[in-house]
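Values in this document were obtained by computation on a predicted structure and should not be read as measured data. Each chain gets a letter, A, B and so on, in the order its sequence line appears, and its residues count up from 1.
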Amino acid sequence: MGRQLGGTKKTLAGEIDKLPELPEVETIRSELEKLIPGKVFSCPVIHFPGTIENPAPEDFIVALEGKKVEKVTRRGKYLFINLDQGILVVHLRMTGNLIYSSDGCFTGERFLRLSLPFKDGSALHYADMRRFGRLWYVSSEKELEEIVLKNVGPDIYNELDCEEFEKLLTKREKRGLKALLLDQAFAAGMGNIYTDECLFRCGFNPNRQVYTLSKDERKNLYRSIRAVLEDGIAYGGTSFRDYRNAAGALGDFQNKLAVYNRAGEKCTRCGAEIIKTVVAGRGTYYCPCCQPEPGQERKK
DNA sequence: AGCACCACCTGTGGGC
DNA sequence: TGCCCACAGGTGGTGC
């Protein structure tokens, strides 16, 4: 086969399923925002109790029933369905999938973990092959911070300007760039794929440490993060498909990837061979020429 | 403080 | 052909 598409595979009912990083979660958020505000939850059906992180599954059911959706928001990869009382939180982790169904039906039974029907007959279904994803119900903003977002920093796309970003960097001068960008406590939203793409765009080796970056390079890092996320949002999943009308245009950011999953292929900028290593415990792709090892920057 | 490593899961790809 | 195992990545926990 050709190169494995970045985190893309066919799953339920032949739909394309992308790994949910910030742009995918943002896409889901903006589509859900058009679909569910004003709807009232009826009784949830839990197919796999481990999916419910808080409160206990039986209390989750009681808490959600009768609550009305007001808006859909996000921080990093956490999706918030704000209710007239409390907040429903969703984290898709690796293989989670939220599926809206206007008639409430869902036929891909295999990985269905939770069904959230609305009183009007439509429903939101949560499917998750690997069961890593989690949902929470919290009764207040205070609980949200204490129970869910205790170790989650500001949203790297919506809640940080360049100045604030640089200020956060000064508190992490000793950290490696890739490990830092993946650290959701530093700033929330970057995943493995977008981190590699971002570091390629600014030409920084994943192992380079913050303190080696000049003022200009820090601004460049910020700009590259924004650019790669903007591109991801622009290309990633242009449609949150109604399960009964799975006809939306499909996002195509995989084909824009410059380094991720391209080990052995030629760098699009210089033609050198893309390398794969492990950094911060993750498969890491970079161009050894465009992103020279720390200390070798001048040998370009 | 910062990082390595593991666990949680399950489908897939490559090696033999 | 078919079995086996390493691997994939987000988060949280442990331990150095």
**Asked** A/V228, A/V279: one ILVMFWY side-chain cluster at the under-4.5 Å cut-off?
**Response** no
**Prompt:** Between A/R172 and B/dG2, does any side-chain N or O lie under 4.0 Å from OP1 or OP2?
**Reply:** no
**Protein-nucleotide distance (A/R93, atom CZ; B/dC9, atom C1'), rounded to Å** = 11 Å
**Item:** Distance in angstrom units between A/M94 CE and B/dA7 P, rounded
**Value:** 17 Å
**Prompt:** Does A/K171 put a side-chain nitrogen or oxygen below 4.0 Å from OP1 or OP2 of B/dA1?
**Reply:** no
**Item:** Selected nucleotide, minimal atom distance to A/K77 side chain, candidates B/dC3, B/dT10, C/dG10
**Value:** C/dG10
**Item:** A/H91 side chain near C/dT11 phosphate (N/O to OP1/OP2, under 4.0 Å)
**Value:** yes
**Request:** Take atom NZ of A/K178 and atom C1' of B/dC3, then tell me their distance rounded to the nearest Å.
**Result:** 15 Å
**P spacing across the pair C/dC4 / B/dC9, given as an integer number of angstrom** = 22 Å
**Prompt:** With distance as the sole criterion, do the side chain of A/R282 and the base of C/dT11 form a donor-acceptor contact below 3.5 Å?
**Reply:** yes
**Request:** Assert yes or no for the condition that the ring centre distance of A/Y222 to A/F165 is strictly below 6.0 Å.
**Result:** yes
**Request:** Go through the side-chain N and O atoms of A/T95 and A/N97 and say whether any donor and acceptor fall under 3.5 Å apart.
**Result:** no
**Item:** Separation of C/dG10 C1' from A/Y78 OH (nearest whole Å)
**Value:** 9 Å
**Message:** Counting the atoms with a prime plus P, OP1 and OP2 as sugar-phosphate, which does A/R175 contact under 4.0 Å by heavy atoms, base, sugar-phosphate, or nothing?
**Reply:** sugar-phosphate
**Request:** Under 4.0 Å between any heavy atoms, over every strand shown, what does A/G176 touch: base, sugar-phosphate, or nothing? Just pick one.
**Result:** sugar-phosphate
**Message:** Does C/dG10 have OP1 or OP2 under 4.0 Å away from a side-chain N or O of A/Q184?
**Reply:** no
**Asked** Rounded to the Å, how far apart are A/N192 CG and C/dC7 P?
**Response** 15 Å
**Request:** Send over the distance from A/N151 CG to C/dG13 P, rounded to a whole Å.
**Result:** 8 Å
**Asked** Counting side-chain heavy atoms from CB outward, which of B/dC3, B/dG11, B/dC9 is closest to A/R131?
**Response** B/dC9
**Request:** Could you state the atom-to-atom distance from CZ of A/F132 to P of C/dG12 in whole Å?
**Result:** 13 Å
